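A quick write-up on the structure given underneath.
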Amino acid sequence: MDLQKMKVEDKVELCKKYFYGGFALLPFLWVVNFVWFFKEAFIKQHYEQQQQIRSYVIKSLIGAIIWTAIFITWVTLFQLYRASWGATADYISFIIPRGIA
Amino acid sequence: MLLLPLVVLINTASGTRVQKLIYFDVTGTSACFRRFNGTHQIGCTSDLTGNVGVVHYIENKSDLDWVLEAGPHQPYALLMEPEHFNRTNVIAIKQSGKVNGIMVINKENSTLPSSFHFSPDQSCPNNVNGLYDKHSQYADCSNVTWNTAGNGLMFMDFGMPIFSVQNETEIDYIIHKCFAAFNKPINGTPREHPLCAAQLKDFMTGAKDSHTCLSRTKRIININPETYCDPLGDQNVYGLLKPVANNESLPQKSIIMATARLDSFGLFEAQYAELESPVVSFITLLAAAEAIGRVKQDIVEDKNAKDIMFTFFQGESLDYIGSGRMVYDIETSVFPQNKDKYGIHVMNFSHIAHFVEVGQVGLAEGGAYYLHSDPVSQRDGQVAKEVTKLKSNFQEAVASMNKTNLTIEGTAVPQPLPPASFQSFLKKANISGVVLADHEREFKNRFYNSRLDTLKGQGMDWPSDRPENFNTTIQLSRDIQILATALARSLYIMATNSTQNISRINAALDEINHMLYCFLKNPKCALFKKVLEPKYVEQLAETPQPFYVGVKRANTQNQVTHWVRQLLAYYTGDRLNSSYTSSNCSSSSKLYNYYWISHPPDGMCIRTTANFSEAESPAFLDENFDTYDWSSGQYSTWTESSWAGDAMQVRIFLTPSQHMSNLTFATGVALMVVAMIVTYFINSRADFLFTKPDSF
């Protein structure tokens, strides 16, 4: 989809959809939203609905950052403590490494 | 495109792959691999791609000291003479952190000094699963240390690959063309690069302990299910002389169990102990079974005579897998089989009159054998009385033989039993019984459960390797014949309570020679061709099979177990007349099994009770798997790690120094950068450099 060819109202609608869509445990939508609408929100000449788009873009970024933080924390904890969690860790693993506890 | 045929041409002309020019593959090797029990992992593993170390040949202790103290080129891969591969050295090697792989020399035809002893088993084998675990008086072999040679190496988690190398040509190559040529210090001064290195690869898939790796294997979430480990186990063999049907009554104390074990282990794959434990033990029992089989009518026809159940346990050397399972089956009333499926009367402990086990009996000195009995169960006066009776039965048998050079006596002082299947039974029931052995206190065997427990290693050998030369009698066969005769007569006395006519019971020297030859030298032998079913005769290989329990899989079977069943069936079963053919060798009777054997020239139908019973630890059964306490030592818990098909590899190659490798890499990078710059300039000045053809 080429943003250049869209009407402003449609852009706002699209940005909003992406933002709310992210709440369905889809943090990557927020990342895409941020990257995609970054120019619209911050670089382009001021226009009426820019404030709205800007707010969605910033909120998407915050959401993405929180998700990333949670994700990194979990991965770190899991990698550090997987072996000592024993069977519980095996139970929540999709792939069990070979040759190590 | 023109270049391509040229490249192919050069390749076919030289005919050697670059890989072959770089690596020397060592093929005559056996790997130490990883095993698990309920709480630990033991054995060896390498990294996924193998461990690479600079080769150092350990001919003397000083060579090892040099590596551990002075050697600058760590990590090292050691090539060790067998006498230096002991617990002290291995621990020093492990702690130094300077070694990441070991190759142990194990030449087939080398003779080791008579002082040399090596047993990777514990000094108190099968301790935790035995009868005396945590016993106030007898725990941890505090009374007798049975296996004084035991160094426990088998039960160490080495954390590095260890291989046994067998091929003399390859060993010479490593010592001379690799170590001496590139690595051997000159007057104590280390050599410089290039150095000769070895890559040892045996990456193990499983980890941690049996419960963990089995749970992981059972949990299938992937479309590519992975096996992390397999339970060790196989089948026991048993056979009765006069089976009682389920709808009749089986009198109390009416069955004498005569048992031996079928397995051993060793540190390296396919290099397992064979001679003293288990071959001589089970051949002695089979020979006794054969002798009794010839007079079994006396026992079968005498209503009051006790039955003799010949039993061969599998997996005994790894915490009594077979006997542990039989005890469990008896407890849960499914031995010999669930009574709905099978005609033989279900057995429980009260039906067992006595237990006579053949332990290690191949290395007796001056014909002196000993009867071990358990002091704990003999606190019960009745059991003590029966044990005394059993010992006197052996005395009567010996007396009947007129041999000056044979004694079978109880131990001088009361002491606990050596490692024996009998212990599994005594854990559950007070049964009178004895364990027959060639040692009164510690083992005579210097190589218990080690690759060196062979004819050659024990200082014996077959006179020549001519095929089918089983009929050359060696001293060992004579010793077995005498002992088997005494055992057979003792069992007969126990069963019939009579010494009448026992002098006609004699073990057959021919059969013993045949069995020794078939089990130790070549299974494609006259005896096996006679007693096996026709389709198994075709499958016989000419190399001996390992006496190791192996992993329990649905469609594979330990051949040794099968051979023993067939021998027992042939020796103690009824040989039916020629009205039975391969097509009608069967019956609706649930009491007997009918086996059609290839017995030349016409085949023969055998009616027998000889059969298999499960020899897989109860801990692995579905009903126990989740609830069993894996650290309790109640049942055997041994499993074997899986490994990939290409996991085992040993190869030798030259390594440059780190400096040289860096230089090569840097040169490569520099060349690439230069090439890019040149290309860029040529491209940008293409108009100037290349003239366009006019015609276009």
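Chain letters run A, B, ... following the sequence lines, proteins first, then strands; residues in each count from 1. Note that the structure is a prediction, hence the values are computed from the model and not measured.
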**Prompt:** chain A heavy atoms under 4.5 Å from B:Thr205: which part of the residue, side chain, backbone, both or neither?
**Reply:**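 When you check distances to chain A, atoms from both the backbone and side chain of B:Thr205 fall under 4.5 Å.
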**Asked** Under a 4.5 Å heavy-atom cut-off, does chain A meet the side chain of B:Glu226, its backbone, both or neither?
**Response**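 The side chain, not the backbone.
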**Request:** Mind ranking A:Pro97, A:Ala101, A:Ala83 by heavy-atom pairs under 4.5 Å with chain B and telling me who comes out on top?
**Result:**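 Heavy-atom pair counts peak at A:Ala101.
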Tell me if the [atom1] atom of [X] is crowded by more than 12 foreign heavy atoms within 6.0 Å.
{"X": "A:Phe71", "atom1": "CZ", "answer": "no"}
{"X": "B:Lys98", "atom1": "NZ", "answer": "yes"}
{"X": "A:Glu9", "atom1": "CD", "answer": "yes"}
{"X": "A:Lys39", "atom1": "NZ", "answer": "no"}
{"X": "A:Lys17", "atom1": "NZ", "answer": "no"}

**Message:** So, taking the atom named CZ in A:Arg98 and the one named OG in B:Ser641, what distance separates them when rounded to the nearest 0.5 Å?
**Reply:**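 Taking CZ in A:Arg98 and OG in B:Ser641, the distance rounds to 10.5 Å.
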**Request:** Go through the atoms of A:Ile96 and report whether side chain, backbone, both or neither lie under 4.5 Å from a heavy atom of chain B.
**Result:**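 Contact with chain B is through both the backbone and side chain of A:Ile96.
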**Message:** Looking at A:Tyr91, is its backbone amide N or carbonyl O close enough to the side chain of B:Arg219 to form a donor-acceptor pair, meaning the two atoms are under 3.5 Å apart?
**Reply:**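 At least one qualifying donor-acceptor pair exists.
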**Item:** Part of residues 26-40 of chain B lying next to chain A, heavy-atom separation under 4.5 Å
**Value:**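 The residues closer than 4.5 Å to chain A, in numerical order, are B:Arg34.
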**Request:** List the atom of B:Arg216, the atom of A:Asp90, and the distance in Å for their closest heavy-atom pair.
**Result:**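 Between these two residues, the closest heavy atoms are NE-OD2, 2.7 Å.
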**Message:** Suppose we screen for disulfide (SG to SG under 2.5 Å). Which residues come up paired with A:Cys15, at least two apart in sequence or across chains?
**Reply:**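 If we apply the disulfide (SG to SG under 2.5 Å) test to A:Cys15, skipping adjacent residues, there are no hits.
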